[in-house]
Amino acid sequence: MHLQINQLNWSVTHKAILKNINMTVKPGQFVGLIGANGSGKSSLLRCAYRRYQPDSGQVLLNQVDIHTLSAKHVAQHVAVVLQEIPAEFGFTVKEVIAMGLTPHQGLFSKSTTYQHRIDDALHKVNLTAHQNQCFDLLSGGEKQRCLLARALVQQPQLLILDEPTNHLDIHYQYELLDLIASLGISVLCTLHDLNIAARYCDHLYLIDDGEIVLQGSPNQVLTEHTLLRYFSMDAIVRQHSHNNIPDIRYIAPVKSSATSY
Ligand SMILES: Nc1ncnc2c1ncn2[C@@H]1O[C@H](COP(=O)(O)OP(=O)(O)OP(=O)(O)O)[C@@H](O)[C@H]1O
């Protein structure tokens with residue numbers, strides 16, 4: 001799926017949050033959106049999956065304006081995993097995952113395909129043993145994996161993820177991103193861990209105060225200069241010898257007006 005964002009602006013109570021955003025996610029591309037806290041990453045994702053209506057500009061899915069498409073049509077092609085984990089669901093893990101099939105109901109309900117998709121997603125996120133447990137009783141990381149499984153059963157062509165590694169231990173951070181990368185679908189994903197962004201993303205967009213200020217390959221974007229200027233971090237950036245991607249070693253935060261104690 002091809003996602004194109006053109007000259008998008010979005011504001012809240014006259015405060016501009018997103019300013020003239022241009023962005024492309026090509027079919028099969030894993031695109032990372034990085035930036036400091038409050039820079040506009042989640043807001044941009046919300047515009048991308050049509051939760052927010054921009055003041056101006058366009059979000060195009062395969063060249064069609066997303067706001068001319070039905071919610072059901074969008075949900076059949078785009079799956080979203082957010083940072084916020086629902087507090088009180090009252091459903092079992094399996095039931096939560098089955099909710100991902102709602103946009104396809106009628107096509108798959110009660111069929112073996114329906115069951116197979118759920119079983120496959122449970123297996124992929126290693127939650128088969130928890131399938132009949134109440135979602136509310138899962139750990140934070142297990143909830144995160146369950147919500148990813150709910151997105152996987154949708155079999156989306158575009159996956160939008162807001163900090164998918166939140167709550168995950170280091171093993172599951174890598175395992176889940178390996179899984180997402182192996183799907184071969186278009187991915188737009190916010191990430192705070194820049195070494196993980198370097199490893200998994202084909203292309204990065206760096207947002208600062210609502211504006212895209214840099215874009216390119218991880219090697220082009222993740223430089224010592226970028227880390228100092230946009231993240232106020234002194235760091236040494238080398239290249240991994242085996243895969244040529246940036247390897248960031250942080251030294252110390254640089255005190256700025258935003259980080260005065
Ligand atoms: N609905 C809203 N009403 C008012 N302000 C908002 C709203 N949504 C976002 N903002 C503001 O827009 C700015 C960007 O917020 P956003 O959540 O997009 O940042 P972010 O880059 O995702 O941050 P973080 O890394 O901390 O998750 C923040 O200053 C936030 O307070």
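Each ligand, and each atom within it, is numbered from 1 in the order the structure gives.
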Within the 6.0 Å centroid threshold, strictly below: Y114 and H116: no
Ring geometry between H77 and H73 (parallel below 30°, tilted from 30 to 60°, perpendicular above 60°): tilted
Test item: C201 and V187 side chains (from C-beta on) under 4.5 Å apart, heavy atoms: no
F91 atom CZ: more than 12 heavy-atom contacts under 6.0 Å: no
Closest protein heavy atom (residue, atom, distance) for atom 1 (N) of ligand 1: Y52 OH, 3.9 Å
Nearest protein heavy atom with distance in Å, relative to atom 15 (O) of ligand 1: S43 OG, 3.8 Å
H123 atom NE2, neighbour heavy-atom count above 12 within 6.0 Å: no
Crowding at CZ, R50 (>12 non-hydrogen neighbours, <6.0 Å): yes
Numbered atoms of ligand 1 (with element) below 4.0 Å of A36, judged on heavy atoms: 21 (O)
From the candidates G38, C47, S42, S39, the one that places a heavy atom nearest atom 29 (O) of ligand 1: G38
Sole candidate of D193, N195, D178 that passes side-chain hydrogen bond (donor to acceptor under 3.5 Å, both in side chains) when paired with Y200: D178
Side chain, backbone, both or neither: the part of E163 lying under 4.0 Å from ligand 1 by heavy atom: neither
Atom 8 (N) of ligand 1 [closest protein heavy-atom partner, distance rounded to 0.1 Å]: W10 CH2, 3.8 Å
Closest approach of any protein heavy atom to atom 4 (C) of ligand 1, naming residue and atom: V12 CG1, 3.6 Å
Ligand 1 to G35 polar contact by distance, N or O atoms, under 3.5 Å: no
Shortest protein contact, atom 21 (O) of ligand 1 (heavy atom only): K41 NZ, 2.8 Å
Shortest protein heavy-atom distance from atom 10 (N) of ligand 1, along with the residue and atom involved: I17 CD1, 4.2 Å
Distance filter under 4.0 Å to H192 heavy atoms, resulting ligand 1 atoms: 25 (O)
Exercise check, heavy-atom protein proximity under 4.0 Å to atom 26 (O) of ligand 1: yes
Verdict with supporting geometry, Q7 and N9, side chain to side chain donor-acceptor pair (under 3.5 Å): CA-CA 7 Å; Q7 298 176 337; N9 292 282; over 6 Å; no
